[in-house]
Amino acid sequence: MKIAIAGAGAMGSRFGVMLSRAGNQVILIDQWAAHVQAINEKGLTVDTETGSSQVKLPAYLPADVQEKPELVILFTKSMGLANMLAAIEPILGETTKIVCLLNGLGHVPTLEKYVRKENIFMGVTLWTAGLVGPGHVKLVGNGRVEVQNIDPAGETAAKEICDLFSQAGLNAVYSENVIFSIWRKACVNGTLNTLCTLLDCNIGEFGQLPQAASLLRQIIAEFALVAKATDQVTLTIEPVAQQIEALYDPKQAGLHYPSMYQDLILHHRLTEIDYLNGYVAKKAAELNLATPICQLLTELIHAKEALLVK
Ligand code: NAD
């Protein structure tokens with residue numbers, strides 16, 4: 001299948017490499033010119049548990065892509081989604097399917113501005129990846145993906161996308177309720193990412209704090225309030241909290257610094273906060289609901305961005 005990865009950073013590269021190795025015609029599309037140039041000149045350098053290799057994949061700036069792909073996999077950061085969609089609009093055909101696997105909330109209305117509903121597929125993934133530098137990624141560990149159509153007519157196509165992903169070793173399953181899964185994952189990111197970034201600690205260190213249990217549950221309660229009001233999604237606080245607490249174990253994610261920490265504290269890049277706690281606070285304000293903790297956390301992360309991102 002002809003597949004375009006739109007947003008070929010760490011995760012886009014992972015999906016691109018695995019789908020290409022399974023025999024698909026994959027192109028990488030990215031706005032970062034130095035990354036595109038490095039991939040075209042030397043191939044994509046891929047570090048894995050077993051060593052390093054160069055993977056030949058054509059990379060393009062959005063304006064340089066000519067051919068219409070059959071499938072587009074979006075992997076920008078949340079704040080880059082609308083720009084990427086606008087940039088690739090000319091290559092989106094009538095039947096081009098779009099899979100959106102970004103973290104964060106509120107992406108469907110953005111997608112609907114550019115893509116017909118029956119061509120939109122939402123997902124969440126537990127795969128991970130790291131960007132070492134332009135043209136260089138680190139792909140270790142295992143993962144899985146859930147995908148679902150947002151238009152009822154798209155169920156067969158969603159299952160075909162799952163098959164395509166699984167043939168590439170991406171362990172995909174068809175989700176009966178992907179919007180619930182997206183909210184549940186947003187709870188993980190809206191607690192651990194945000195708090196570890198503000199407290200300057202890893203996930204295990206956060207879990208050791210006497211305040212951890214209470215902080216977690218207060219934030220999840222606000223997510224649950226807005227999930228119900230906007231998407232009729234029921235998030236029950238205790239199971240969601242316990243699922244997050246299982247990650248404190250050093251054998252799980254305890255030693256890991258979340259991606260928001262890496263982006264902001266280590267690399268001085270903007271964060272996805274407006275699509276996590278910030279989305280909850282914004283929607284709550286529109287609906288006259290109170291989510292003061294998410295509002296405060298969003299302001300604190302933006303303040304940290306103002307200090308660190310030049
Ligand atoms: P990424 O930062 O690696 O790449 C995202 C975009 O940012 C790419 O277009 C990339 O080229 C660009 N970019 C990165 N560094 C840049 C730089 N220095 N200068 C200019 N542009 C730069 O993001 P990612 O980790 O692949 O995440 C994509 C989406 O997937 C996000 O929504 C993220 O939350 C989600 N996600 C990530 C992981 C993970 O392990 N990385 C896991 C699950 C979900």
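Residue indices begin at 1 and follow the sequence shown.
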Side-chain donor/acceptor of [X] to backbone N/O of [Y], under 3.5 Å:
X: N202; Y: H256; result: no
X: Q148; Y: A158; result: no
X: H268; Y: V309; result: no
X: H35; Y: A59; result: no
X: T191; Y: V188; result: yes
X: N119; Y: E94; result: yes
X: T45; Y: Q54; result: no
X: S78; Y: N103; result: yes
X: R184; Y: F180; result: no

Is there a continuous path of hydrophobic side-chain contacts, each under 4.5 Å between heavy atoms, that joins [X] to [Y]?
X: V147; Y: L81; result: no
X: F75; Y: V36; result: no
X: M260; Y: L215; result: yes
X: V72; Y: L61; result: no
X: I91; Y: Y114; result: yes

Return yes when atom CD of Q242 has more than 12 non-hydrogen atoms of other residues, nucleotides or ligands closer than 6.0 Å, and no otherwise. yes
Taking it one step at a time, do W127 and V145 satisfy side chain to side chain contact (heavy atoms under 4.5 Å, CB included)? CA-CA 7 Å; W127 284 97; V145 197; 3.9 Å; yes
Kindly compute the distance separating [atom1] ([X]) from [atom2] ([Y]), expressed to the nearest 0.5 Å.
X: M79; Y: T76; atom1: CE; atom2: OG1; value: 8.5 Å
X: E272; Y: L264; atom1: CD; atom2: CG; value: 12.5 Å
X: I150; Y: F121; atom1: CD1; atom2: CZ; value: 9.0 Å
X: L195; Y: L297; atom1: CG; atom2: CG; value: 6.0 Å
X: R14; Y: I73; atom1: CZ; atom2: CD1; value: 13.0 Å
X: L126; Y: N171; atom1: CG; atom2: CG; value: 10.5 Å

Given N149, which partner from the list E155, M122, K159, K117 fulfils the side-chain contact (heavy atoms from CB on, under 4.5 Å) test?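 Single pass found, and it is E155.
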Identify the residue among T125, V124, L101 that makes a side-chain contact (heavy atoms from CB on, under 4.5 Å) with E146. V124
Sub-4.5 Å side-chain heavy-atom contact between [X] and [Y]:
X: C162; Y: V173; answer: no
X: E160; Y: L164; answer: no
X: P239; Y: Q243; answer: no
X: V233; Y: L235; answer: yes
X: F206; Y: L192; answer: yes
X: L92; Y: V115; answer: yes
X: L102; Y: K77; answer: no
X: T234; Y: T236; answer: yes

Please find the pair of heavy atoms, one from [X] and one from [Y], that lie closest to each other, and give the distance.
X: F223; Y: W183; result: O-CZ3, 3.6 Å
X: V226; Y: A284; result: CG2-CB, 3.9 Å
X: H136; Y: D47; result: NE2-OD2, 2.7 Å
X: L111; Y: I98; result: CD2-CG2, 4.1 Å
X: P62; Y: A87; result: CB-CB, 3.6 Å
X: A290; Y: P292; result: C-CD, 3.4 Å

Between I244 and V240, is a side chain to side chain contact (heavy atoms under 4.5 Å, CB included) present by the stated rule, with each step listed? CA-CA 6 Å; I244 296 170; V240 175; 4.1 Å; yes
Is it the case that the side chains of [Y] and [X] hold a donor-acceptor pair, with the cut-off being a distance below 3.5 Å and no angle test?
X: K68; Y: T96; answer: no
X: T291; Y: Q295; answer: no
X: H302; Y: E305; answer: yes
X: T298; Y: N277; answer: no
X: N189; Y: Y275; answer: no
X: T271; Y: D263; answer: no

Under 3.5 Å, sequence neighbours excluded: what are the donor-acceptor pairs made by side chains of residues 17-27?
unit_1, atom_1, unit_2, atom_2, d
N24, OD1, M1, N, 3.1
N24, ND2, L19, O, 2.9

Among D200, N193, T197, the one residue meeting side-chain hydrogen bond (donor to acceptor under 3.5 Å, both in side chains) with Y261: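 Option passing the side-chain hydrogen bond (donor to acceptor under 3.5 Å, both in side chains) with Y261: D200.
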Would you sort out whether V137 and L44 count as a side chain to side chain contact (heavy atoms under 4.5 Å, CB included), showing the intermediate values? CA-CA 8 Å; V137 291; L44 180 68; 4.3 Å; yes
Applying side chain to side chain contact (heavy atoms under 4.5 Å, CB included), run through L199 and L209 and close with a yes or a no. CA-CA 11 Å; L199 296 168; L209 297 173; 3.9 Å; yes
Does the pair K97 and E70 meet the rule for a salt bridge (charged side-chain N to carboxylate O under 4.0 Å, His left out), with working shown? CA-CA 6 Å; K97 310 221 163 351; E70 295 164 85; over 6 Å; no
Transitive ILVMFWY cluster of L289, excluding itself - 4.5 Å side-chain cut-off: L225, L287
Residues E222, K283: salt bridge by 4.0 Å N-O rule: no
